[in-house]
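To start, the structure under review is shown below, and the notes come after it.
Just so it is clear, the values below take in all heavy atoms, side chains as well, and ignore hydrogens, waters and symmetry mates. Protein chains get the first letters and strands the later ones, always in sequence-line order, with residue 1 at the start of each.
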2 protein chains.
Amino acid sequence: MATPPRYRAIAKALRDEIIAGVLQPGAKLPPETRLVERFGVSRDTIRDATKVLIQEGLVERSGTGRGSGMVVRDRLMLVFHASYAEEPGAPRSEADSWATDVRAQGLDPSQDFTCINVVLPDDVAMRLGEPEGAAGVLRRCVRYVNGHPSSIQDTYYPIWLADEVPELRQPVDIVQGTTALLAERGHIQVGYLDHTSARMPSPDETSLLRVGPGTPVLLKIRTGATRHRVVRVTIEIMVGDTNTVEYEIGDISAIRIEGEPA
Amino acid sequence: MATPPRYRAIAKALRDEIIAGVLQPGAKLPPETRLVERFGVSRDTIRDATKVLIQEGLVERSGTGRGSGMVVRDRLMLVFHASYAEEPGAPRSEADSWATDVRAQGLDPSQDFTCINVVLPDDVAMRLGEPEGAAGVLRRCVRYVNGHPSSIQDTYYPIWLADEVPELRQPVDIVQGTTALLAERGHIQVGYLDHTSARMPSPDETSLLRVGPGTPVLLKIRTGATRHRVVRVTIEIMVGDTNTVEYEIGDISAIRIEGEPA
DNA sequence: CAGTGGTCTAGACCACTAC
DNA sequence: TAGTGGTCTAGACCACTGG
């Protein structure tokens with residue numbers, strides 16, 4: 001067993017205190033100067049150690065100036081129900097479904113809509129079956145939980161669909177939901193293909209979602225199709241460690257659904 | 001616009017080169033000493049800048065000693081089909097399904113099985129409907145792609161099921177698949193509940209999956225039930241930015257399935 | 001051996017903000 | 001104004017490994 005570098009040993013000591021509950025979620029870590037005394041190393045070494053914990057998502061820096069410090073993170077998990085949010089004939093829009101999910105978990109949802117004309121990104125164009133460089137409409141919905149950004153949802157529609165259903169260009173929530181609106185106009189989505197992955201946020205996403213280092217994003221790309229063709233692609237970017245996507249497959253009547261996953 | 005700190009400006013300059021394609025995936029970044037000259041800052045500042053890129057998952061340190069360096073990451077995405085991998089009556093086991101998926105993407109799959117008796121983790125016990133502290137059996141499958149660890153799959157069975165189906169304790173692949181085996185013994189799984197989220201890896205996971213900083217893990221927790229009760233919980237931990245989980249919902253016959261998601 | 005990154009120090013100056 | 005973290009420096013020594 002090689003002796004680990006001091007900063008790793010210090011990170012481990014602090015991590016163990018957090019895991020053991022000596023430092024509870026929300027608790028403040030001692031200031032850097034105190035840790036310098038305690039471990040007998042330079043401040044930079046302490047900072048290297050705390051960076052490890054921040055990168056692991058265990059700790060975050062809170063505030064600035066006097067009274068600021070490092071606190072143990074307290075992560076609340078939000079469950080999003082992916083498999084029935086948009087069932088054809090669902091009694092509510094996807095946005096309503098989300099808001100209902102959030103309220104059911106005792107939190108306060110809100111959202112902002114914007115809408116612009118865009119050139120479709122290549123991967124989106126591919127999924128939509130449109131040529132590269134084709135135009136389209138992007139509806140962006142930024143969702144907040146308790147006033148804090150929680151996810152970005154970008155839905156791309158092909159230009160022919162936006163021409164046919166001009167309401168898609170309105171930068172407001174569509175009351176009955178876009179899925180229901182499209183269904184009314186004869187474009188009934190009957191199938192979805194979802195792709196989920198995770199990565200670190202880009203600088204843009206970092207500022208939009210206001211996440212710090214050590215927080216990955218969870219990506220969900222949904223391709224929605226009618227019986228005849230693909231009509232939209234939705235790219236949802238969530239704060240990865242506070243959002244859970246749930247899928248139900250088959251008959252789950254024997255499974256007690258819990259409010260506390262992951 | 002406040003002027004950003006130098007290390008961020010340098011990170012941006014290098015990031016822009018990567019995005020613009022000046023530095024292609026697989027290309028080596030200049031050594032730190034060269035970057036010190038180029039940007040006219042101290043080595044620590046260069047290191048702060050490169051740490052940002054590493055944390056973003058754009059760059060990784062490769063090797064050690066002479067000839068080592070920092071290279072632009074080349075991420076290949078692996079698609080895992082979650083919604084039909086275990087369909088009742090599927091012609092192949094889940095492990096085979098995975099291996100087939102990997103081979104179909106031109107890569108070389110392999111896996112290791114281990115099996116131990118455990119005390120069920122609290123969250124697993126809850127999902128299984130067992131009391132806290134109950135015993136169970138853990139089957140762990142570590143999966144490799146081209147010899148590199150790609151995912152850890154931990155499946156927990158309640159003790160009563162392992163007693164009834166003792167093959168579950170064998171630390172080898174079960175030819176027909178555990179799902180098929182259980183079905184043969186009268187425990188036909190008819191429903192699954194999946195929870196997906198992302199977080200940074202723990203130190204254990206970092207060494208098991210051999211991932212560096214800047215790589216999140218993608219978590220998929222599957223609860224499987226027969227018509228009458230929950231029979232297993234599978235926690236799958238994947239390298240987040242090289243794995244995609246795919247779900248098919250409804251009729252997707254109009255969607256051209258691509259081999260290139262995310 | 002020469003060049004790479006890995007770790008560590010001791011000090012400096014800054015911006016911010018609760019007290 | 002005092003205490004917090006944020007940035008930056010100039011130098012040091014180390015382990016590792018390709019040539």
Side-chain angles (χ1 to χ4, degrees), chain A residues 1-14 23 26-55 58-73 203 206-207 210-215, chain B residues 1-14 23 26-55 58-73 203 206-207 210-215:
Chain A
M1 201 58 173
T3 70
R6 326 242 316 237
Y7 79 96
R8 281 192 191 280
I10 294 166
K12 174 161 170 36
L14 294 172
L23 292 166
K28 239 166 95 167
L29 267 67
E32 292 176 349
T33 48
R34 195 97 55 222
L35 294 173
V36 164
E37 298 163 11
R38 172 169 158 198
F39 291 103
V41 295
S42 75
R43 187 179 158 225
D44 265 21
T45 300
I46 290 296
R47 284 178 68 76
D48 282 347
T50 54
K51 271 175 203 160
V52 170
L53 300 178
I54 289 170
Q55 225 252 334
L58 282 176
V59 161
E60 67 186 344
R61 305 206 185 275
S62 108
T64 166
R66 181 167 181 157
S68 67
M70 294 172 290
V71 302
V72 180
R73 286 184 59 182
T206 298
S207 62
R210 277 177 243 152
V211 292
T215 307
Chain B
M1 201 55 176
T3 68
R6 326 240 315 239
Y7 80 96
R8 281 191 192 281
I10 293 167
K12 174 162 168 35
L14 293 173
L23 291 165
K28 242 166 94 167
L29 266 68
E32 293 175 349
T33 47
R34 196 96 57 220
L35 294 172
V36 164
E37 298 162 12
R38 171 168 158 198
F39 292 103
V41 296
S42 75
R43 186 176 158 227
D44 266 20
T45 300
I46 291 296
R47 283 180 67 76
D48 282 347
T50 53
K51 272 176 202 158
V52 170
L53 301 178
I54 288 170
Q55 226 252 332
L58 283 176
V59 162
E60 68 187 342
R61 304 205 187 277
S62 109
T64 166
R66 182 167 182 159
S68 67
M70 294 171 291
V71 301
V72 179
R73 284 184 60 183
T206 298
S207 62
R210 278 178 242 151
V211 292
T215 306

Is any side-chain nitrogen or oxygen of [X] closer than 4.0 Å to OP1 or OP2 of [N]?
X	N	answer
A/Thr45	C/dT7	no
B/Thr33	C/dT4	yes
B/Arg43	D/dT9	no
B/Thr64	D/dC16	no
A/Arg47	D/dG5	no

**OP:** Give B/Arg6 one of three labels, base, sugar-phosphate or nothing, depending on what nucleic acid heavy atoms sit under 4.0 Å from its own.
**Re:**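 Result for B/Arg6 = sugar-phosphate.
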**OP:** Describe the nucleic acid contact of B/Gly67 in one word from base, sugar-phosphate, nothing, applying a heavy-atom distance below 4.0 Å.
**Re:**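 No contact at all - B/Gly67 keeps every heavy atom at 4.0 Å or more from the nucleic acid.
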Original post:
B/Val41 and side-chain contact (heavy atoms from CB on, under 4.5 Å): which partner among B/Ile46, B/Asp48, B/Leu35?
Top reply: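 Result: among B/Ile46, B/Asp48, B/Leu35, B/Ile46 is the only option passing the side-chain contact (heavy atoms from CB on, under 4.5 Å) with B/Val41.
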Counting side-chain heavy atoms from C-beta on, which of [options] comes nearest to [X]?
X	options	answer
B/Ser68	D/dT7, C/dT4, C/dT9	C/dT4
A/Ser42	C/dA10, C/dG3, C/dT7	C/dA10
A/Arg66	C/dC19, D/dA10, D/dT7	C/dC19
A/Arg8	D/dT4, D/dT7, C/dT7	C/dT7
B/Glu32	C/dC8, D/dC8, C/dG5	C/dG5

Nearest whole Å is fine: how far is [N] [atom2] from [X] [atom1]?
X	N	atom1	atom2	value
B/Phe39	D/dC8	CZ	C1'	16 Å
B/Tyr7	D/dT9	OH	C1'	16 Å
A/Glu37	D/dG3	CD	C1'	13 Å
A/Asp44	D/dC8	CG	P	13 Å
A/Lys51	C/dT7	NZ	P	12 Å
B/Ile46	C/dT4	CD1	P	14 Å
B/Asp48	C/dG5	CG	C1'	15 Å
A/Glu60	D/dT4	CD	C1'	16 Å

Original post:
Please walk me through it: do B/Ile10 and B/Arg38 pass side-chain contact (heavy atoms from CB on, under 4.5 Å)?
Top reply: CA-CA 10 Å; B/Ile10 293 167; B/Arg38 171 168 158 198; over 6 Å; no
Subject >> Taking every non-hydrogen atom, the tightest pair across A/Arg43 and A/Val36 >> reply: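 Taking every non-hydrogen atom into account, CA-CG2, 3.5 Å.
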Original post:
Between A/Ala11 and A/Leu53, what is the shortest heavy-atom contact and its length?
Top reply: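 Closest approach of A/Ala11 to A/Leu53, heavy atoms only: O-CD2, 3.6 Å.
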Original post:
Is it true that atom NZ of A/Lys51 has more than 12 heavy atoms of other residues, nucleotides or ligands lying nearer than 6.0 Å?
Top reply: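 Atom NZ in A/Lys51 is crowded, with more than 12 foreign heavy atoms closer than 6.0 Å.
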Subject >> A/Gly65 or B/Arg61, whichever maps to the more 5' nucleotide of DNA chain C >> reply: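 The residue mapped nearer the 5' terminus is B/Arg61.
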Original post:
Should B/Val72 and B/Leu58 count as side-chain neighbours, where that means a heavy-atom distance under 4.5 Å?
Top reply: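 Not in contact.
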